[in-house]
Novice: 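There's a structure below that I have some questions on.
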Amino acid sequence: MDELQMISSSDWQDCYRIMDGYLFVVNKFVEVDDMGTTYTIPKNYYKKVDQKAKGKLWILTRPVKRYGGYKDCELLEPNEENGEFPIGTVFYNEKPVKKIDSPYWYDCFVRAAWDNLHWNVKSWEIISGKIQEITKRYLEE
């Protein structure tokens, strides 16, 4: 089995290779609203926050009118009341997100290569142990 390896790290997301074909991703942010509303943002209105980030982690370079979704969520920026997302709003997979400091709220997931989704119990025990090792590091900081 492979050794645990950090692939990338940023203020927004960390990514680890836990073994061949398996990545463990730690998102250091939460969705702004819990309704799961996605927004289509024109390509010339954003840039990537982190080139190595898994998923579409974008930051707005221009204000964007908001269509749909909740406007009365506490976490939204104050000038969103006028119906637009301000410059600097960050989106992950087309949903607005906000950076958080508490690791208890980090969003974590495993990405697996298509041909590596099925393993035996011992392999899953090893994968689980490596994930626990990583999460323990965040909780001890």
Side-chain angles (χ1 to χ4, degrees), residues 1-121 123-141:
M1 296 287 166
D2 299 352
E3 288 296 313
L4 187 61
Q5 175 188 8
M6 180 174 267
I7 303 295
S8 64
S9 180
S10 73
D11 289 341
W12 289 87
Q13 185 185 76
D14 294 339
C15 182
Y16 300 85
R17 176 174 289 117
I18 52 179
M19 62 188 299
D20 281 345
Y22 288 91
L23 298 178
F24 184 66
V25 180
V26 179
N27 289 331
K28 302 174 188 176
F29 52 82
V30 293
E31 287 183 22
V32 171
D33 66 51
D34 294 333
M35 300 305 292
T37 304
T38 59
Y39 297 89
T40 303
I41 308 295
K43 289 187 179 187
N44 59 343
Y45 282 64
Y46 65 85
K47 67 179 181 177
K48 286 192 91 166
V49 171
D50 178 6
Q51 295 299 323
K52 296 179 182 178
K54 304 300 174 199
K56 300 172 186 171
L57 187 59
W58 308 329
I59 187 166
L60 291 183
T61 56
R62 297 168 53 178
V64 173
K65 295 283 185 200
R66 51 184 300 138
Y67 299 100
Y70 273 159
K71 293 183 182 177
D72 56 354
C73 181
E74 288 180 38
L75 296 175
L76 297 179
E77 297 297 325
N79 62 345
E80 286 183 352
E81 293 172 4
N82 65 7
E84 70 180 27
F85 291 110
I87 294 172
T89 302
V90 177
F91 287 81
Y92 181 69
N93 293 338
E94 301 171 341
K95 297 175 184 175
V97 295
K98 184 172 183 121
K99 187 165 176 1
I100 56 172
D101 294 325
S102 174
Y104 290 97
W105 293 100
Y106 288 173
D107 175 42
C108 305
F109 63 94
V110 174
R111 291 185 73 172
W114 181 251
D115 60 350
N116 287 332
L117 294 177
H118 301 280
W119 283 76
N120 60 36
V121 172
S123 296
W124 283 111
E125 182 180 48
I126 293 167
I127 291 169
S128 175
K130 290 182 179 185
I131 291 171
Q132 289 177 357
E133 180 183 330
I134 294 167
T135 55
K136 192 180 286 186
R137 290 179 194 172
Y138 287 97
L139 297 176
E140 290 173 353
E141 290 180 0

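Each residue takes its place number in the sequence, starting with 1.
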Novice: Quick one: does K52's side chain have a donor or acceptor within less than 3.5 Å of a partner on I7's backbone?
Specialist: no
Novice: For K28, enumerate each residue passing the side-chain hydrogen bond (donor to acceptor under 3.5 Å, both in side chains) test, keeping only those at least two apart in sequence or located in another chain.
Specialist: D14
Novice: Any idea which heavy atoms bring R17 and D20 closest together, and the distance?
Specialist: CD-OD1, 4.3 Å
Novice: State, with a plain yes or no, whether a side-chain heavy atom of I18 is found less than 4.5 Å away from one of L23.
Specialist: no
Novice: What heavy-atom pair brings L4 and Y16 nearest, and what distance separates the two atoms?
Specialist: CD1-CB, 4.3 Å
Novice: Taking everything shown except K56 itself, do over 12 heavy atoms lie less than 6.0 Å from its NZ?
Specialist: no
Novice: Does the E31 side chain pair with the main chain of K95, one donor and one acceptor, at a distance under 3.5 Å?
Specialist: no
Novice: Which residues pass the ring pair (Phe, Tyr, Trp, His ring centres under 6.0 Å) test with Y138, sequence neighbours left out?
Specialist: Y106
Novice: Under the criterion ring-ring contact (aromatic ring centres under 6.0 Å, His included), which of F109, F29, W58, Y46 is the partner of Y92?
Specialist: F29
Novice: Does NZ in K47 sit with more than 12 non-hydrogen atoms of other residues, nucleotides or ligands closer than 6.0 Å?
Specialist: no
Novice: Check ring pair (Phe, Tyr, Trp, His ring centres under 6.0 Å) between F91 and all other residues, then give those that pass, not counting sequence neighbours.
Specialist: F85
Novice: Is the shortest heavy-atom distance from the side chain of V49 to the side chain of V90 under 4.5 Å?
Specialist: yes
Novice: With sequence neighbours left out, what residues match E125 under side-chain hydrogen bond (donor to acceptor under 3.5 Å, both in side chains)?
Specialist: K122
Novice: When rounded to the nearest 0.5 angstrom, what distance separates CG in N27 from CD1 in I100?
Specialist: 9.5 Å
Novice: Taking salt bridge (charged side-chain N to carboxylate O under 4.0 Å, His left out) as the definition, give me every residue that meets it alongside E133, ordered by chain and number, with sequence neighbours left out.
Specialist: R137
Novice: Between L57 and W12, does the side-chain contact (heavy atoms from CB on, under 4.5 Å) criterion hold? Intermediate values first, please.
Specialist: CA-CA 9 Å; L57 187 59; W12 289 87; 3.6 Å; yes
Novice: I'd like to check V110 versus I131 (side-chain heavy atoms, cut-off strictly below 4.5 Å). Are they in contact?
Specialist: yes
Novice: Drop me the distance from L60's CG to I87's CD1, to the nearest 0.5 angstrom.
Specialist: 8.5 Å
Novice: Evaluate E94 against I41 for side-chain contact (heavy atoms from CB on, under 4.5 Å), listing each step before the verdict.
Specialist: CA-CA 7 Å; E94 301 171 341; I41 308 295; over 6 Å; no
Novice: State which residues pass side-chain hydrogen bond (donor to acceptor under 3.5 Å, both in side chains) with R111; sequence neighbours excluded, sorted by chain then number.
Specialist: none
Novice: Please name the pair of heavy atoms, one in C15 and one in K54, separated by the smallest distance, quoted to 0.1 Å.
Specialist: SG-CE, 3.8 Å
Novice: How close do N120 and S123 get, heavy atom to heavy atom, and via which atoms?
Specialist: OD1-N, 2.8 Å
Novice: With a 4.5 Å limit on heavy-atom distance, are the side chains of N44 and R62 in contact?
Specialist: yes
Novice: With a 4.5 Å heavy-atom cut-off, do F24 and T135 have their side chains touching?
Specialist: yes
Novice: Less than 4.5 Å apart, any side-chain heavy atom of P86 and any of P63?
Specialist: no
Novice: Report yes if the side chains of M19 and I127 come closer than 4.5 Å at any heavy-atom pair, otherwise no.
Specialist: yes
